[in-house]
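Everything on this sheet refers to the single structure shown next.
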Amino acid sequence: MIITTPIGKLGLKLSSNILSSIRFLPKTALLSTNQDQAIQRIITELHAYFKNPQHQFKLEFQMEGTAFQKRVWKALQNIPSGKVLTYKELAQKLKTSPRAIGNACRRNPLPIIVPCHRVVSQQGLGGYNGKTGGEMLNIKQWLLKHEGSI
DNA sequence: TATTCTTTTGGCG
DNA sequence: CGCCAAAAGAATA
């Protein structure tokens with residue numbers, strides 16, 4: 001399932017009507033439509049967020065990962081919109097090291113819903129979607145601006 | 001002080 | 001083992 005958003009095209013993957021992964025797609029990707037109720041609900045949630053950064057997602061999704069990753073992702077979801085943490089701060093909160101946080105964030109299957117974009121480096125932006133520069137960082141910056149953090 | 005290095009780092013495949 | 005979306009410290013100017 002592919003939808004368009006203000007930050008480009010998103011590919012949504014579902015497993016048994018539950019959101020399991022989101023990925024950013026190149027603008028060359030083709031749109032696809034789907035009438036399925038479960039998907040429509042997810043799309044509505046996403047659009048609501050792009051309209052209102054304060055929107056809280058009320059949807060189910062799969063959190064497949066190690067115990068540590070789940071711990072990090074859960075902590076991420078507790079960051080309110082408009083607030084930003086550094087890897088260091090998160091590390092202190094979870095009693096681990098900044099490097100490990102980056103590791104877990106990088107493997108986040110659900111960008112936007114799990115707000116890994118609200119974690120930044122101590123000086124600079126950090127990375128996004130596996131990259132430390134390039135187009136992905138523009139998206140990260142856009143999201144932070146959208147939420148008023150910049 | 002500001003930049004560029006080198007080392008330390010936690011958890012993962 | 002070696003790979004990373006980081007940070008702190010040392011070295012240099």
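Letters A, B, ... mirror the listed sequences (proteins, then strands); counts begin at 1. Everything quoted here is computed from the prediction, not taken from an experiment.
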Give the C-alpha distance, both sets of side-chain angles, the deciding distance and a yes or no for side chain to side chain contact (heavy atoms under 4.5 Å, CB included) between A:Lys13 and A:Ile22.
-> CA-CA 6 Å; A:Lys13 197 189 283 180; A:Ile22 296 180; over 6 Å; no
Given the rule in the ring-ring contact (aromatic ring centres under 6.0 Å, His included) test, do A:Tyr49 and A:His146 qualify, once you have shown the distances and angles that lead to the verdict?
-> CA-CA 10 Å; A:Tyr49 167 75; A:His146 182 51; 5.5 Å; yes
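For the side-chain contact (heavy atoms from CB on, under 4.5 Å) criterion with A:Ile42, the lone passing option out of A:Ile18, A:Asn17, A:Asp36, A:Leu14 is A:Leu14.
Atom CH2 in A:Trp73 sits roughly 16 Å away from atom P in C:dA5 (whole-Å rounding). In this structure, A:Gln123 atom CD and C:dA5 atom P are separated by 17 Å, rounded to whole Å. Counting to the nearest Å, the P atom of C:dA7 and the CD atom of A:Gln92 are 11 Å from each other. Between the CG atom of A:Leu144 and the C1' atom of C:dA5 there is a distance of 13 Å, rounded to whole Å. Rounding to whole angstrom units, CD1 of residue A:Ile101 and P of C:dA7 are separated by 11 Å. A:Lys93 has its NZ atom 20 Å from the P atom of C:dA6, to the nearest Å.
OP1 or OP2 of C:dA7 has at least one side-chain nitrogen or oxygen of A:Ser121 nearer than 4.0 Å.
Within the shown strands, nothing qualifies as a pairing partner of C:dA5 under the Watson-Crick or G-U definition with both distances less than 3.5 Å. Checking B:dT9 for Watson-Crick or G-U wobble geometry (two distances, each under 3.5 Å) identifies no partner in any strand.
Within the 4.5 Å cutoff, side-chain heavy atoms of A:Leu144 are placed close to those of A:His117.
One finds the CD atom of A:Glu45 at 5.0 Å from the CG atom of A:Leu59 (value rounded to the nearest 0.5 Å). To the nearest 0.5 Å, the span separating CZ on A:Arg106 from CD1 on A:Ile101 amounts to 14.5 Å. Note that the CH2 atom of A:Trp142 and the CD atom of A:Glu147 stand 9.0 Å from one another [nearest 0.5 Å].
Following chains of ILVMFWY side-chain contacts shorter than 4.5 Å, one cannot reach A:Leu110 starting from A:Leu25, and the two form parts of different hydrophobic clusters.
Residue A:Tyr87 places a side-chain atom within donor-acceptor reach of the base of C:dA5, judged by atom type and a 3.5 Å distance cut-off alone.
Counting non-hydrogen atoms of neighbouring residues, nucleotides and ligands closer than 6.0 angstrom, the CD atom of A:Glu60 reaches no more than 12 such neighbours.
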Quick one, give me the B/S/- string for nucleotides 8-13 of chain C, reading 5' to 3', where B means a protein heavy atom under 4.0 Å from the base and S means that only happens at the primed atoms, P, OP1 or OP2.
-> S-----
Nucleotides 5-13 of chain B: which of its N/O atoms have a protein N/O under 3.5 Å away?
residue	atom	partner	partner atom	Å
B:dG10	O4'	A:Ser97	OG	3.0
B:dG10	O3'	A:Thr96	OG1	3.2
B:dG10	N2	A:Asn103	ND2	2.2
B:dG11	N2	A:Asn103	ND2	3.1
B:dC12	OP1	A:Thr66	OG1	2.4

